[in-house]
Amino acid sequence: DAGITQSPRHKVTETGTPVTLRCHQTENHRYMYWYRQDPGHGLRLIHYSYGVKDTDKGEVSDGYSVSRSKTEDFLLTLESATSSQTSVYFCAARVNTEAFFGQGTRLTVV
Amino acid sequence: KNEVEQSPQNLTAQEGEFITINCSYSVGISALHWLQQHPGGGIVSLFMLSSGKKKHGRLIATINIQEKHSSLHITASHPRDSAVYICAVRSPIIQGAQKLVFGQGTRLTINP
């Protein structure tokens, strides 16, 4: 897993509340990614980072923000959670040409 | 239309059968990944291909760049191979970070 840990693994939250998911890595990876996985869709890129404080949007970034203040942590924030953001979220890191994924976070917005 | 199409979407087979999962893509790529996801589990990279063929145990992956097509084969399938298999392609560089484009996955069930 290239030292990638996601937290929490499961979360239930109420509509309108902010939520932060954490991705922690121990291998000094430069490139990190947040994806969401939904039935009927492939993994879709939310945001990615190519270094500390260097982030950019992916294809489904609306309603999400990210921060990377240090190499090892890439945080995904749902500013005001909505039911459409109920999903499984995966963090990933790129090591040369290989891709490594965290175990996923199942988020339910009620 | 998805840039990466997998077929079949679902596949059920008996233990011991030879399995083939296909992936076709429409974008220019530098590499293709095959990933495995067990129920409730994380995603594990099986192969990364840019040409030809790779083999790991009972798994074989091939790619034909000209035809924009890749296949994942499983020989002597076993119930523990039951998982979702995902094809992902690496598109040209965007702002220094390469982006993966994913297929929707193939759900494989191997019955004993």
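Order of the sequence lines fixes the chain letters, A, B, ..., with proteins taken first and strands second; residue numbering starts at 1 for each chain.
- Residue B:Q37 touches chain A through its side chain alone, counting heavy-atom pairs closer than 4.5 Å.
- Cluster annotation: A:V19 is connected to A:V60 through the hydrophobic network of ILVMFWY side chains, with a link wherever side-chain heavy atoms come within less than 4.5 Å.
- The minimum heavy-atom distance between B:S45 and A:E98, with the atom names listed, is OG-OE1, 3.4 Å.
- Proximity to chain B (any heavy atom under 4.5 Å) is shown, for A:L43, by both the backbone and the side chain.
- When all heavy atoms of A:H41 and B:Q104 are compared, the pair lying nearest together is C-CG, 4.2 Å.
- For A:R106, there are no salt bridge (charged side-chain N to carboxylate O under 4.0 Å, His left out) partners two or more places apart in sequence or in a different chain.
- For B:P112, the side-chain contact (heavy atoms from CB on, under 4.5 Å) test picks out B:E15, B:P79, with sequence neighbours left out.
- Other residues, nucleotides and ligands place more than 12 heavy atoms under 6.0 Å from the CZ atom of A:R44.
- Between atom CD1 of residue B:I86 and atom CD of residue A:Q37 there is a gap of 5.5 Å, rounded to the nearest 0.5 Å.
- With hydrophobic clusters built from ILVMFWY side chains whose heavy atoms lie under 4.5 angstrom apart, B:I43 does not share a cluster with A:M32.
- Between chain B and the options A:G58, A:G51, A:G40, the largest number of non-hydrogen pairs under 4.5 Å is found for A:G40.
- Nearest approach of B:R90 to A:A99, heavy atoms of both residues: NH2-CB, 4.3 Å.
- We find the CG-CZ distance between B:L100 and A:F101 to be 6.0 Å, quoted to the nearest 0.5 Å.
- A:E59 CD: more than 12 foreign heavy atoms inside a 6.0 Å radius.
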